[in-house]
Amino acid sequence: MYPSFFIDLLFPRRCPVCDGIVMPKGRLICRECMKKLSFVKDPVCKRCGKEVISSDMEYCFDCVRHKRTFEYGRALINYDEKAGRSMAKIKYRNKREYLDFYGEAICARYWKVIRRMKANVLVPVPVHPSRKRERGFNQAELLARRIGEGLGMPVYPQMLVRNKRTMPQKGLDPAGRLKNLEEAFSAGEILKGVEGVILVDDIYTTGSTIEACTRALKKAGIKRVYFLTICIGRGQ
């Protein structure tokens, strides 16, 4: 009791949206800031989970145009200015505590979807070792561990390896992004008996990173690959 009290006093919980002290204690996000997040709403693409303009659309234009070898995935919020600032603070200002909220929210919203995926393990998208040394952590792995704790699923970061540090993806078209990621990922230790995995990452934009990871895992014998992310870009 007392250690927890002093920890809260010295390091009060910060909101992942406004970065202010969350009140009342015990919450992971301000009530008003919760309303400012653009949660993904139906209808969504059956493959990537992006919002689509009509329930008559099975797939977004991106998933129609580009081959997907993953089964399907879901994201929590649409990637906008507020989401972008929150993700940047996690990665570049060491705001790891924000992942407590995002992990809990993903579990609360998608636990039924995750159960239907029938996957054995959660696999975080790896960052290059040099980037992990600079940052001190991999945000995808921390997010995966929070989801794993919430749903009682094992997390196995050793299953994927980042072989090279790629150039920034920003500004590249989908084909350029996928080419940039060629041979960037390879399978590491594949657990015996694992047929389905859920990739975990912070942001899904064109799907190039998830696709590259999926191909590496399937090449190693994984049959089904799904994904979960915090943010997803708007459908095109």
Side chain [X], main chain [Y], donor-acceptor under 3.5 Å:
X	Y	result
N138	V125	yes
R135	F137	no
K218	T69	yes
R13	I21	no
S86	P16	yes
T214	I210	yes
R224	K118	yes
Y102	T229	no
K50	T205	yes
N120	G196	yes

Quick one: list whatever passes side chain to side chain contact (heavy atoms under 4.5 Å, CB included) with R145, sequence neighbours left out.
E141, V155, P157
Nearest 0.5 Å, please: how far is [atom2] in [Y] from [atom1] in [X]?
X	Y	atom1	atom2	answer
I198	Y110	CD1	OH	13.0 Å
R116	W111	CZ	CH2	9.5 Å
C15	M23	SG	CE	13.0 Å
L228	L122	CG	CG	7.0 Å
K46	C63	NZ	SG	13.0 Å
C33	K35	SG	NZ	10.5 Å

Is there a side-chain contact between [X] and [Y], using heavy atoms and a 4.5 Å cut-off?
X	Y	value
I77	C231	yes
R96	N94	yes
M117	E71	no
E195	I222	no
L99	I230	yes
P24	R31	yes
F70	R47	yes
D202	I90	no

Minimum heavy-atom distance between [X] and [Y], given as atom pair plus value:
X	Y	value
G188	V161	CA-CG2, 3.9 Å
F185	A216	O-CB, 3.8 Å
V40	G49	CG1-O, 3.6 Å

Mind checking whether F227 and Y204 have parallel, tilted or perpendicular rings, split at 30° and 60°?
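Parallel.
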Ionic contact status for [Y] with [X], cut-off 4.0 Å:
X	Y	value
R68	E211	no
E134	R131	no
E81	R85	yes

With a 6.0 Å cut-off on ring centres, are Y72 and Y226 close enough?
yes
I would like to know whether R146 and L142 meet side chain to side chain contact (heavy atoms under 4.5 Å, CB included); could you show each step before the answer?
CA-CA 6 Å; R146 283 156 174 78; L142 297 182; 3.5 Å; yes
Apply side chain to side chain contact (heavy atoms under 4.5 Å, CB included) to the pair L160 and L217, showing each step before the final yes or no.
CA-CA 8 Å; L160 267 178; L217 289 169; 4.0 Å; yes
Considering residues at least two apart in sequence or located in another chain, which fulfil the ring pair (Phe, Tyr, Trp, His ring centres under 6.0 Å) criterion with Y79?
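For Y79 there are no ring pair (Phe, Tyr, Trp, His ring centres under 6.0 Å) partners, ignoring immediate neighbours.
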Take F39 and L76 through the side chain to side chain contact (heavy atoms under 4.5 Å, CB included) test and state the conclusion after the steps.
CA-CA 6 Å; F39 288 93; L76 183 67; 3.9 Å; yes
Quick check on K112: does its NZ atom have over 12 non-hydrogen neighbours (other residues, nucleotides or ligands) under 6.0 Å away?
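No, the 6.0 Å shell around NZ holds no more than 12 heavy atoms from other groups.
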Whether over 12 other heavy atoms sit under 6.0 Å from K82 NZ:
no
The single option from R234, R74, K41 passing salt bridge (Lys or Arg N to Asp or Glu O under 4.0 Å) against E51:
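Among the candidates, only R234 passes.
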Could you walk me through whether M153 and I147 pass the side chain to side chain contact (heavy atoms under 4.5 Å, CB included) check?
CA-CA 8 Å; M153 289 187 69; I147 296 171; 5.8 Å; no
